[in-house]
Amino acid sequence: MAATIIDGKAIAQQMQNEMKAEVEELVKKGVTPRLDVILVGEDPASQVYVRNKGRACDRLGVASGTHRVPESASEEEILRLIEEFNKDPKVHGILVQLPLPDHVNEGAVLNFINPDKDVDGFHPVNVGRMVVNEPGFLPCTPHGIQMLLIRSGIETKGKHVVIVGRSNIVGKPVANILLQKKDGANAVVTVVHTAAPDMSVFTRQADILVVAVGRSEMITADMVKEGVVVIDVGINRVEDSSKEKGYRLTGDVDFAGVSEKASYITPVPGGVGPMTITMLLHNTIEAARRTI
Ligand code: BQF
């Protein structure tokens with residue numbers, strides 16, 4: 001089978017166009033949604049991601065601020081900044097760009113964000129709400145993956161979703177969201193990770209395979225079954241002297257090989273990434289809406 005490529009960029013653009021109208025509605029009611037992003041240090045990938053978020057806000061008419069803090073900043077300094085945004089009624093969404101430097105306790109920082117402004121959905125209160133299916137903020141990448149499946153008309157009910165990777169940011173929340181007993185979910189879910197002696201035993205059973213391991217092209221054609229739907233969450237920088245930047249982006253899936261067996265596959269770039277940004281905007285607009 002030659003796979004249909006899921007155009008995440010196009011789906012993201014479509015959703016953002018729809019969301020523009022929601023922003024206009026809120027502005028008419030006197031509320032301009034606002035997102036404030038804290039960036040600690042100068043990690044090159046993080047700088048790209050933060051820039052992507054600011055530009056997306058601009059496009060939709062969402063107000064935003066980017067707050068750069070030196071790598072050497074103490075945890076207290078970061079908490080002080082968060083406290084400022086927690087108190088500011090003009091700020092609806094607060095996002096601390098991850099990863100944080102090693103000397104900062106990530107858990108302490110995420111715990112400090114007002115859960116009602118936690119548009120990344122990483123605060124334990126929002127994690128709990130997700131697990132018990134109560135209204136809250138869903139993490140952006142997992143929610144974006146669900147929207148990609150829904151908007152591509154891919155049935156999840158009763159399907160075997162195999163997730164490779166168990167991170168708090170992708171693997172665990174994808175499992176929780178697709179397990180929920182509701183439309184767009186209701187899957188049978190397996191989570192596989194590095195402790196498995198042979199991951200391919202599991203990946204070969206997937207109707208839908210979600211890969212978030214951070215290792216370039218580790219899922220190869222021999223590890224999947226014919227007709228599988230493949231969602232590639234990986235974004236790896238691989239050295240490539242033929243490129244202007246000196247690197248190219250690859251996913252965690254060997255796209256060339258796996259796309260010959262899959263029914264649907266997401267590309268990298270232009271697959272899950274743009275949906276992550278879109279669901280961040282969705283959460284920010286929702287946070288603003290909840291204040292009226
Ligand atoms: C695209 C992220 C790993 C660790 C921390 C569009 C993004 C990426 C790719 C983007 C990501 C990945 C983000 C594309 C935000 C997604 O066209 O393929 C957008 O900006 N992302 C992040 O904030 O933190 C990360 C991945």
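Start at 1 and go down the list; that is how both ligands and their atoms are numbered.
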Visitor: May I ask which of Pro99, Gly273, Gly144, Ser167 has a heavy atom nearer to atom 6 (C) of ligand 1 than the others do?
Guide: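 Heavy atom nearest to atom 6 (C) of ligand 1 belongs to Gly273.
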Visitor: Against ligand 1, does Lys9 come closer than 4.0 Å with any heavy atom?
Guide: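 No, Lys9 has no heavy atoms under 4.0 Å from ligand 1.
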Visitor: For atom 12 (C) of ligand 1, what's the nearest protein heavy-atom neighbour? Residue, atom name and distance, please.
Guide: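 Checked against all protein heavy atoms, atom 12 (C) of ligand 1 sits closest to Ile235 CD1, 3.5 Å.
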Visitor: What is the ring orientation for His67 with Phe85, classed by angle as parallel under 30°, tilted 30 to 60°, or perpendicular over 60°?
Guide: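 His67 and Phe85: tilted rings.
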Visitor: Name the closest protein heavy atom to atom 7 (C) of ligand 1, giving the residue it belongs to and the distance to 0.1 Å.
Guide: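 In this structure, atom 7 (C) of ligand 1 has Asn52 ND2, 3.7 Å as its nearest protein heavy atom.
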Visitor: In this structure, which one of Glu18, Gln16, His143 forms a side chain to side chain donor-acceptor pair (under 3.5 Å) with Thr278?
Guide: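 One option only clears the test, and that one is Gln16.
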Visitor: May I ask whether Ile277 has any heavy atom positioned less than 4.0 angstrom from an atom of ligand 1?
Guide: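 Yes, Ile277 has heavy atoms under 4.0 Å from ligand 1.
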Visitor: Would a hydrophobic clustering, with Ile, Leu, Val, Met, Phe, Trp and Tyr connected at side-chain separations under 4.5 Å, put Ile177 with Val188?
Guide: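 Hydrophobic grouping puts Ile177 apart from Val188.
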Visitor: Establish, from distance only, whether the side-chain atoms of Arg34 and His92 form a donor-acceptor pair under 3.5 Å.
Guide: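 Side chains of Arg34 and His92: no pair found under 3.5 Å.
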Visitor: Is Ile235 close to Tyr49 at the side-chain level, that is, under 4.5 Å between some pair of heavy atoms?
Guide: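 The answer is yes, as the side chains (C-beta and beyond) meet within the 4.5 Å cut-off.
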Visitor: Of His160, Lys225, Lys159, which meets side chain to side chain donor-acceptor pair (under 3.5 Å) against Asp207?
Guide: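 For Asp207, the side chain to side chain donor-acceptor pair (under 3.5 Å) test succeeds with only one of His160, Lys225, Lys159, which is Lys225.
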Visitor: Cation-pi between Arg290 and Phe137: NZ/CZ under 6.0 Å from ring centre and within 45° of the ring axis?
Guide: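 So Arg290 does make the cation-pi contact.
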Visitor: Evaluate Gly270 for polar contact with ligand 1, using N/O atom pairs at a separation under 3.5 Å.
Guide: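 N/O-N/O distance under 3.5 Å: yes.
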Visitor: May I ask you to check if ligand 1 and Gln97 share an N or O to N or O distance below 3.5 Å?
Guide: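 Indeed, backbone or side chain, Gln97 has an N or O that close.
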Visitor: Number the atoms of ligand 1 from 1 as they appear, then name those within less than 4.0 Å of a heavy atom of Lys53, with their elements.
Guide: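 Those atoms are 22 (C), 23 (O).
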Visitor: When you measure from atom 21 (N) of ligand 1 to every protein heavy atom, which one gives the shortest distance, and what is it?
Guide: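 Going atom by atom, the protein heavy atom closest to atom 21 (N) of ligand 1 ends up being Tyr49 CD2, 3.6 Å.
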Visitor: Hey, which atoms in ligand 1 end up nearer than 4.0 Å to a heavy atom of Pro269?
Guide: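 Those qualifying, in numeric order: 1 (C), 17 (O), 18 (O).
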